[in-house]
Amino acid sequence: MKLYTYWRSTAAYRVRIALHLKGLRCEQEPVHLVKDGGEQHKGEYRAINPQGLVPTLVDGGHVITQSLAILEYLEEKHPEPALLPSNPVERARVRSLAQIIACEVHPLNNLRVLQYLSNELDVSDRQKTRWYHHWLEQGLKPLERRLANEGRTGRFCHGDSPTLADVCLVPQLYNARRFDFPLDAYPTLRRIDEACRELNAFRASAPEAQPDAVGTAGSN
């Protein structure tokens, strides 16, 4: 397997976590999202992923894009250790928690959105940060409420083993800290994040642990 990735990409970070949790060996191919206007826009990469986004997983000649699709693919092909519960209702809960982050929060603070705000709409850095913080709050506040009040929350988002929800949560909180978003109002999220980051799989997947992090600067 080969993963086209970028050290600070939140979506790629999710996939790296899942690969490490499942103990899967995977070659990493860095795609620098900032250098020379962004390597993701170049023809060679667009031939692999027409959207020009990371991550992209190549497995046995099959090309899979979109982080949630990649996570589901890995779960179906390599079901142990499981990132989704076996019970349909519990599986739906985990997917719901994951999608609050991956579908509601993350797209609005994605690199290309922030670049559009700056480059096309001439939004100031201060206004861009307000945008980022607003949409983070809109997603994290109900997520905190759910995880704090629902009985199926355990050490992790669902029970006492990491799931797809944790795989999505940790990268988003990493990004929140990068943009100085205060997390004091989210004690449950912080507790779960700390529990996750105690695990080797999460530590090995962290942006600063990636080979392409050396000597790079600023990107989502």
Side-chain angles (χ1 to χ4, degrees), residues 1-29 31 48-51 53-107 110 139 143 146-147 150-175 188-189 192-207 209-210:
M1 283 191 293
K2 178 185 284 189
L3 180 69
Y4 290 85
T5 181
Y6 180 62
W7 69 294
R8 270 187 174 165
S9 162
T10 307
Y13 189 177
R14 296 171 195 149
V15 175
R16 294 196 303 264
I17 294 170
L19 288 166
H20 280 290
L21 284 170
K22 290 181 175 292
L24 299 174
R25 296 176 62 87
C26 186
E27 176 189 354
Q28 289 197 30
E29 183 69 35
V31 179
I48 300 167
N49 184 336
Q51 275 193 294
L53 301 173
V54 294
T56 299
L57 183 73
V58 179
D59 186 19
H62 302 291
V63 178
I64 305 161
T65 63
Q66 291 294 329
S67 63
L68 290 186
I70 295 170
L71 293 172
E72 294 268 4
Y73 171 78
L74 294 174
E75 180 73 358
E76 291 170 4
K77 188 172 182 182
H78 305 279
E80 297 297 332
L83 297 179
L84 286 168
S86 58
N87 179 282
V89 173
E90 295 184 357
R91 288 169 77 90
R93 178 180 186 261
V94 169
R95 286 187 171 114
S96 172
L97 296 171
Q99 289 175 23
I100 288 174
I101 298 165
C103 301
E104 302 293 337
V105 177
H106 176 243
N110 188 296
L143 185 62
R146 284 192 58 183
L147 289 171
E150 292 177 0
R152 284 168 290 185
T153 303
R155 184 180 178 213
F156 299 99
C157 288
H158 188 89
D160 294 324
S161 299
T163 66
L164 209 65
D166 305 282
V167 166
C168 291
L169 174 65
V170 170
Q172 192 62 63
L173 293 189
Y174 166 84
N175 236 20
T188 310
L189 300 188
I192 293 170
D193 177 63
E194 289 169 8
C196 288
R197 291 187 293 117
E198 289 175 1
L199 302 179
N200 288 334
F202 285 84
R203 288 199 296 267
S205 307
Q210 305 315 302

**Request:** Might you work through the side-chain contact (heavy atoms from CB on, under 4.5 Å) test for Asn49 and Val63, ending with a clear yes or no?
**Result:** CA-CA 8 Å; Asn49 184 336; Val63 178; 5.8 Å; no
**Item:** Candidate pair Cys157 and Leu147, rule side-chain contact (heavy atoms from CB on, under 4.5 Å), full reasoning
**Value:** CA-CA 7 Å; Cys157 288; Leu147 289 171; 4.1 Å; yes
**Request:** Please step through side-chain contact (heavy atoms from CB on, under 4.5 Å) for the pair Glu29 and Val58, ending with a clear verdict.
**Result:** CA-CA 11 Å; Glu29 183 69 35; Val58 179; over 6 Å; no
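How far OG1 of Thr163 is from NE2 of His158: 7.0 Å, rounded to the nearest 0.5 Å. Between Leu21 atom CG and Leu83 atom CG the span is 6.0 Å, to the nearest 0.5 Å. Separation of atoms CG (Asp193) and OG1 (Thr188) is listed at 12.0 Å; rounding is to 0.5 Å. Expressed to the nearest 0.5 Å, how far OG of Ser9 lies from CG of Asn110 amounts to 8.0 Å. Interatomic distance, NZ of Lys22 versus CD1 of Ile17, reported as 13.5 Å (0.5 Å rounding). Here the CG-CZ distance, from Leu169 to Phe202, works out to 8.5 Å after rounding to the nearest 0.5 Å.
Cys103 and Leu68 get closest at one heavy-atom pair: SG-CD1, 4.0 Å. When all heavy atoms of Leu164 and Ala98 are compared, the pair lying nearest together is O-CB, 4.0 Å. In terms of heavy atoms, Thr65 sits closest to Ala69 at O-CB, 3.5 Å. Pairing each heavy atom of Arg146 with each of Ile100, the nearest pair is NH1-CD1, 4.0 Å. Shown here for Leu173 and Leu189, the closest heavy-atom pair between the two residues is CD1-O, 3.7 Å. Taking both residues in full, the closest heavy atoms of Leu57 and Leu74 are given as CD2-CD2, 4.1 Å, listed atom of the first, atom of the second, then distance.
Listed for the Gln172 side chain is no donor-acceptor partner under 3.5 Å among the backbone atoms of Val105. Checking side-chain atoms of Thr5 against main-chain N and O of Gln28 turns up no donor-acceptor pair under 3.5 Å. Side chain of Gln210 to main chain of Ala204: a donor-acceptor pair is present (N/O by atom type, distance under 3.5 Å, no hydrogens or angles). Using modelled atom types, no side-chain atom of Glu104 and backbone atom of Gly139 make a donor-acceptor pair closer than 3.5 Å.
Side-chain contact, Asn175 with Thr10: a donor N or O sits under 3.5 Å from an acceptor N or O.
Not counting sequence neighbours, the partners of Ser67 by the side chain to side chain donor-acceptor pair (under 3.5 Å) test are Arg14. With sequence neighbours left out, Ser161 forms a side chain to side chain donor-acceptor pair (under 3.5 Å) with no residue at all. Among residues two or more places apart in sequence or in another chain, the side chain to side chain donor-acceptor pair (under 3.5 Å) test is passed with Asn87 by none. Residues passing the salt bridge (Lys or Arg N to Asp or Glu O under 4.0 Å) test with Arg91, sequence neighbours excluded: none.
Screening residues 151-175 for salt bridge (Lys or Arg N to Asp or Glu O under 4.0 Å), with sequence neighbours left out, gives Arg155-Glu198. Sorted by first and then second residue, the salt bridge (Lys or Arg N to Asp or Glu O under 4.0 Å) pairs involving residues 55-74 (not counting sequence neighbours) are Asp59-Lys77, Glu72-Arg95.
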